[in-house]
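Right, one structure below, let's go through it.
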2 protein chains.
Amino acid sequence: MRNAEFDREEVLRATMKAFMHKGYAKTSMQDLKKATGLHPGSIYCAFENKRGLLLAALEQYRLDRKTEFDKLFANSTLTMVNLKAYLDNIVLECVSCDSAQACLLTKALNEIAEQDSEIQQVISNNLSMLQQAIAEKFEQAKAEKSISTNKDCHHLARYFLMGICGLRTFAHTHPEAQVLQQLAEQLYHDVSQ
Amino acid sequence: MRNAEFDREEVLRATMKAFMHKGYAKTSMQDLKKATGLHPGSIYCAFENKRGLLLAALEQYRLDRKTEFDKLFANSTLTMVNLKAYLDNIVLECVSCDSAQACLLTKALNEIAEQDSEIQQVISNNLSMLQQAIAEKFEQAKAEKSISTNKDCHHLARYFLMGICGLRTFAHTHPEAQVLQQLAEQLYHDVSQ
DNA sequence: CTCTATCTTGAATGTACATTCAAGATAACG
DNA sequence: CGTTATCTTGAATGTACATTCAAGATAGAG
């Protein structure tokens with residue numbers, strides 16, 4: 001008889017930002033209220049509890065990242081060029097002092113994966129899907145003869161993702177654009193040769 | 001007139017474990033009491049507060065890691081062989097389901113660096129020292145002609161450390177020894193050629 | 001053995017928090 | 001315009017927490 005007034009996606013994006021900024025444990029319901037504009041009651045009604053909100057935010061994060069990923073690779077240049085652009089984007093994110101740009105997966109993985117096996121599973125799946133998507137790009141690059149054909153694309157993708165995780169963590173202490181850019185270039189070099 | 005009864009180093013090692021297991025925010029003073037055997041009053045007397053305990057634990061972590069590092073590289077084989085062994089050790093740590101083996105730096109960096117600039121600085125210095133130590137090993141390897149002489153050892157060390165951070169984060173979702181070992185080998189290959 | 005400075009203990013304190021709930025508001029429908 | 005189902009609100013609840021503190025214990029000095 002009456003629809004919710006808030007935009008679920010926007011609420012979840014605000015939630016991500018809050019969790020990325022303060023971490024899950026330290027983000028209070030009051031912080032979430034401020035960030036999302038929703039009163040506690042509404043949050044509990046829509047997402048059951050704080051944990052439910054995190055789960056919903058993780059899913060939204062996956063969707064948003066996937067959209068962004070697909071859009072980037074829609075450019076009709078060589079796949080490896082797009083992959084480099086993908087990496088450069090990540091460096092830009094790390095450099096922009098906007099703490100909200102961290103990476104919900106990396107942060108949540110480090111903070112709570114150990115504690116909560118369901119959330120660990122969700123993040124794990126989330127990363128696996130990204131790894132799969134990257135592996136497909138490497139396959140494509142192989143077909144384009146940009147990389148050697150005797151490489152295991154899944155291994156490459158895993159290594160690439162590991163590098164990204166490292167870059168993101170490392171960036172917390174070294175926010176100098178130049179250093180991060182250099183690291184990204186090395187990583188690109190190591191997966192492309 | 002009376003000395004403290006507890007062993008400061010042991011208390012700090014127990015503290016590290018607790019923080020690595022549950023994260024800083026979720027580790028309550030009661031958890032710390034259980035882990036260290038110290039009553040709240042003693043903790044406050046010796047370390048001022050929970051945050052002081054973290055700072056002290058970070059310093060002890062640095063000392064312990066340095067000891068371990070120096071011990072490993074005291075083996076009189078080639079430096080690059082020792083570096084590989086260092087990496088293999090980290091993989092073993094990640095694989096051993098002992099959650100306490102994470103890495104206090106990685107965890108703390110992801111959880112609180114954003115919030116607390118003093119702690120961020122401490123972790124940052126901590127990592128810089130490790131980077132410096134690794135860079136020295138690369139210099140040594142250069143002298144031993146194990147790696148090309150036209151490489152920037154500081155860049156190599158940074159990349160190596162980035163890889164380790166990535167490996168550790170990645171391990172939270174992929175604790176399969178084989179996969180981690182393969183990633184470590186690729187990393188070793190990429191810094192040694 | 002006595003005294004005293006220091007350490008240890010754990011209950012008490014106040015705060016901050018996640019969650020609940022009942023009253024109030026409002027959109028959709030007839 | 002009235003009804004009703006649903007959403008919104010925010011104060012109330014109980015819990016869990018970091019921190020404090022005063023009483024008790026104990027090692028060392030004399």
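Side-chain atoms are counted along with the backbone in the values below, which use heavy atoms only and exclude waters and symmetry mates. Naming: A, B, ... by sequence-line order, numbering from 1 per chain.
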With salt bridge (charged side-chain N to carboxylate O under 4.0 Å, His left out) as the criterion, how do B:E118 and B:R51 come out once you've worked through the C-alpha distance, each side chain's angles and the decisive distance to 0.1 Å? CA-CA 11 Å; B:E118 189 191 345; B:R51 184 170 171 278; 2.7 Å; yes

On DNA chain C, compare the nucleotides closest to A:G41 and A:A25; which residue's is nearer the 5' end? A:A25

Along DNA chain C, 5' to 3', what are the outermost nucleotides having an atom less than 4.0 Å from a heavy atom of chain B? C:dA5 to C:dG10

So, are B:E68 and B:K71 salt-bridged, with charged N and O less than 4.0 Å apart? no

What does B:S42 touch in the nucleic acid at a heavy-atom separation under 4.0 angstrom: a base, only the sugar-phosphate, or nothing? base

For B:K50, does the NZ atom sit with more than 12 other heavy atoms under 6.0 Å from it, leaving out its own atoms? yes

Parallel, tilted or perpendicular: ring planes of B:F69 versus B:Y86, cut at 30 and 60 degrees: perpendicular

Within 45° cone of A:Y24 ring axis and under 6.0 Å: A:K107 NZ or CZ: no

